[in-house]
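In what follows, every heavy atom counts, from backbone to side chain, and hydrogens, waters and symmetry copies are set aside.
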Amino acid sequence: MGRKLESPRLKEALERVGRQLEAARERAERSGQTAEAEVFEAHQAWLEDPDLVASSISRLEEGLSPGQAWREALDAEADRLRATGNPILIGRIADLRDLQRQVMLEFSEGEGSGFGDITPGAIVVAEDLTPSTFVDLCALKPAGICLAAGGTTSHVAIMARARGLPCLVAMGGLMEATESCLDRAVVLDADNGRLELEPDQARRDQVVADIAARQARAEEERAEAHLEVVTRDNRMVEVAANIGSAEEARQASDCGADGVGLMRSEFLFLGRDAAPEEDDQRQEYQASVDALGSRPVIIRTLDIGADKQLPYLTLPAVPNPALGVRGMRLWQTQPALLDTQLRALLGVKPLRHLRIMVPMVSDASELEWVRERMEALAAEMRLTELPLLGAMIEVPSAALCSAAMAKVADFLSIGTNDLTQYGLAMDREDPQLAAQADVLHPGVLRLIQATLSGTANRCPVGVCGAAAGDDLAGPLLVAMGVSELSVEPSRIASVKARLRRLDAAVIAREIDTLLAMPDAASVRKALAPLVDAALDVEPTPERILT
């Protein structure tokens, strides 16, 4: 009887939390916090895990309340992850606790922030944080975070890294050690993984000087952010921006972007009861092109699918949404919706500054189909010029057939996140596979190499995935022959400065050796000193931090 009465309440709570996570994901995307958006998307997938839901519902039979049933189901899953002894999986327990807390709050009276009075600029010490509480905490503007638990690959660590917030994790008995230091000056040395509880005045003065030097260096980098990038071995590299709106396009321009390497058009289609009208789309696209002046703007057509439903575009549920109707595959099932987007894009002026990019292309014939459709619409609109048309390389078949793709495409852009997912057959949202789903896996690098080799300089190849801004992967991609890296606007100045110091030839000489290695861990171990040598810097010490 308990299950019959309480199961609907539990499912309704899960649906409400799912909507909250979707709203949080959309807010993160609009504000340029891509890492946070991906974390919330992963939480959505976990919330819908049929095993977790079944486990909690089964506990209703025992007479537990919905909140208690959910709590015990996630406690059991947390115990299972902890028992593996795998630090990656243990790091995901904080995510489970986050989902546990959010669902249980649906059955409680109100919610407090739990932070009390925190002064901006404080160093916050906690046992652990969940992703949602981390976002709330960041609104209070802390100077840094120290966690007794967690790990360098936990979602909170990833989010802190994306925000540039100093964060130490896995600090053990941190809470007891810091009890006597409340409201006192301490030193958080994130570079070397230390929290210094009793720094003397000389040490404090040194830290103040170091912070000032970093700020000065950041100012210098920002002052040169609008200049072009030429590596020490004379390779020209464009550093573009990943954006999600016209407002972010303006931010990207201010940050020194050489263009927009990826504008996600999905934000125009989300949170609506009906698809946006052609004029509404055109205005947003035009504002983005205007913001960048004469610099190119790459706008990706709608990348939505069975895993991300729109209320006005209901696609059938499928066992594996990542392999279902999404991206390019949507064009052939919903041509009217996407013809409207094409007409809106073709209405942008001047078209020579616009690039149209198609996601989830499997082979050259698909892109040829899009080109024919675009040209037919352009003829109807009596246009005399066309924008450049390109494809994302996310599917292994596209990478392996890049020679044929280059005959049809004006440019290619490698989406390393999905290419890694499909190349390794590892769901990018599965927390248990996070450590193995590594872009530096030799198999993924071989797909990137195949893309570059296949084009034979017939069309430029950029990278708009997370690897573009990675300290190790970015220099390697340039050494392999990538001509454009597209990153978050806030990263542009530092990425440009780093590339100007790069002698990519140092890495290029070892590419064959790197690609012959057995796994990603081996590549990372060998690549780190190569990048240090290519940048002419001292080797990076081992760290236990984000």
Ala257: side-chain contact (heavy atoms from CB on, under 4.5 Å) partners, not counting sequence neighbours
Ala241, Ala252, Ile492
Does any part of the side chain of Tyr285, heavy atoms only, come nearer than 4.5 Å to the side chain of Ile299, both counted from C-beta?
yes
Pair Leu262-Ile298, side-chain contact (heavy atoms from CB on, under 4.5 Å): steps then yes or no:
CA-CA 5 Å; Leu262 168 64; Ile298 298 175; 5.8 Å; no
Ser55: partners by side chain to side chain donor-acceptor pair (under 3.5 Å), with sequence neighbours left out:
Arg59
Please name all residues satisfying salt bridge (Lys or Arg N to Asp or Glu O under 4.0 Å) with Arg232, sequence neighbours left out, ordered by chain then number.
none
For Asp51, what residues pass the salt bridge (Lys or Arg N to Asp or Glu O under 4.0 Å) criterion, not counting sequence neighbours?
none
For a quick test of reading the model, state the closest non-hydrogen atom pair linking Asp471 to Val531 and the distance between them.
O-CG1, 3.9 Å
Going through the checks in order, is the side chain to side chain donor-acceptor pair (under 3.5 Å) test met by Gln421 and Asn417?
CA-CA 6 Å; Gln421 169 175 248; Asn417 299 348; over 6 Å; no
Taking Arg82 first and then Asp79, would you say they form a salt bridge - that is, a charged N and a carboxylate O separated by under 4.0 Å?
yes
Ignoring hydrogens and geometry, is there a side-chain-to-backbone donor-acceptor pair from Glu266 to Asp303 under 3.5 Å?
yes
Among all residues two or more places apart in sequence or in another chain, which pass the salt bridge (Lys or Arg N to Asp or Glu O under 4.0 Å) test with Glu247?
Arg250
What's the shortest heavy-atom distance between Leu419 and Ile393, and which atoms?
CB-O, 4.1 Å
List the residues meeting side chain to side chain donor-acceptor pair (under 3.5 Å) with Glu219, not counting sequence neighbours, and say none if there are none.
Arg222
Indicate yes or no: does Glu221 engage Arg498 in a salt bridge with an N to O separation below 4.0 Å.
no
How would you list, by chain and number, every residue that makes a side chain to side chain donor-acceptor pair (under 3.5 Å) with Gln100, sequence neighbours excluded?
Asp75, Arg97
So, the side chain of Ser288 versus the backbone of Glu284: is there a donor-acceptor pair under 3.5 Å, distance only?
yes
Which residues pass the side-chain contact (heavy atoms from CB on, under 4.5 Å) test with Gln68, not counting sequence neighbours?
Leu64, Ser65, Arg71, Glu72
Report the residues that fulfil side chain to side chain donor-acceptor pair (under 3.5 Å) with Arg16, sequence neighbours left out, ordered by chain and then residue number.
Glu106
Could I get the full list of salt bridge (Lys or Arg N to Asp or Glu O under 4.0 Å) partners for Glu22, not counting sequence neighbours?
Arg25
Carefully, step by step, assess Leu499 and Leu485 under the rule side-chain contact (heavy atoms from CB on, under 4.5 Å).
CA-CA 10 Å; Leu499 291 177; Leu485 298 177; 4.0 Å; yes
Which atom pair, heavy atoms only, marks the closest approach of Met104 to Trp70?
CG-CD1, 4.4 Å
For Asp254, give me all partners under side-chain contact (heavy atoms from CB on, under 4.5 Å), at least two apart in sequence or on another chain.
none
Taking the side chain as every heavy atom from C-beta outward, state whether Pro475 and Val478 have any pair of such atoms under 4.5 Å apart.
no
Holding to side-chain contact (heavy atoms from CB on, under 4.5 Å), I want the full list of residues that pass it with Ala473, two or more places apart in sequence or in another chain.
Val439, Leu440, Ala467, Asp470
Please lay out, stage by stage, how Asn242 and Arg264 fare under the test side-chain contact (heavy atoms from CB on, under 4.5 Å).
CA-CA 8 Å; Asn242 293 335; Arg264 308 174 186 90; 3.9 Å; yes
Where do Glu77 and Arg80 land on the salt bridge (charged side-chain N to carboxylate O under 4.0 Å, His left out) test, with the steps shown first?
CA-CA 5 Å; Glu77 178 65 8; Arg80 187 188 70 80; 2.8 Å; yes
Do the side chains of Glu224 and Lys496 get nearer than 4.5 Å, heavy atoms only?
no
Pair Ile507-Leu527, side-chain contact (heavy atoms from CB on, under 4.5 Å): steps then yes or no
CA-CA 8 Å; Ile507 303 173; Leu527 182 58; 4.1 Å; yes
Restricting to non-hydrogen atoms, name the atom on Pro142 and the atom on Leu137 that form the minimum distance, rounded to 0.1 Å.
CD-O, 3.5 Å
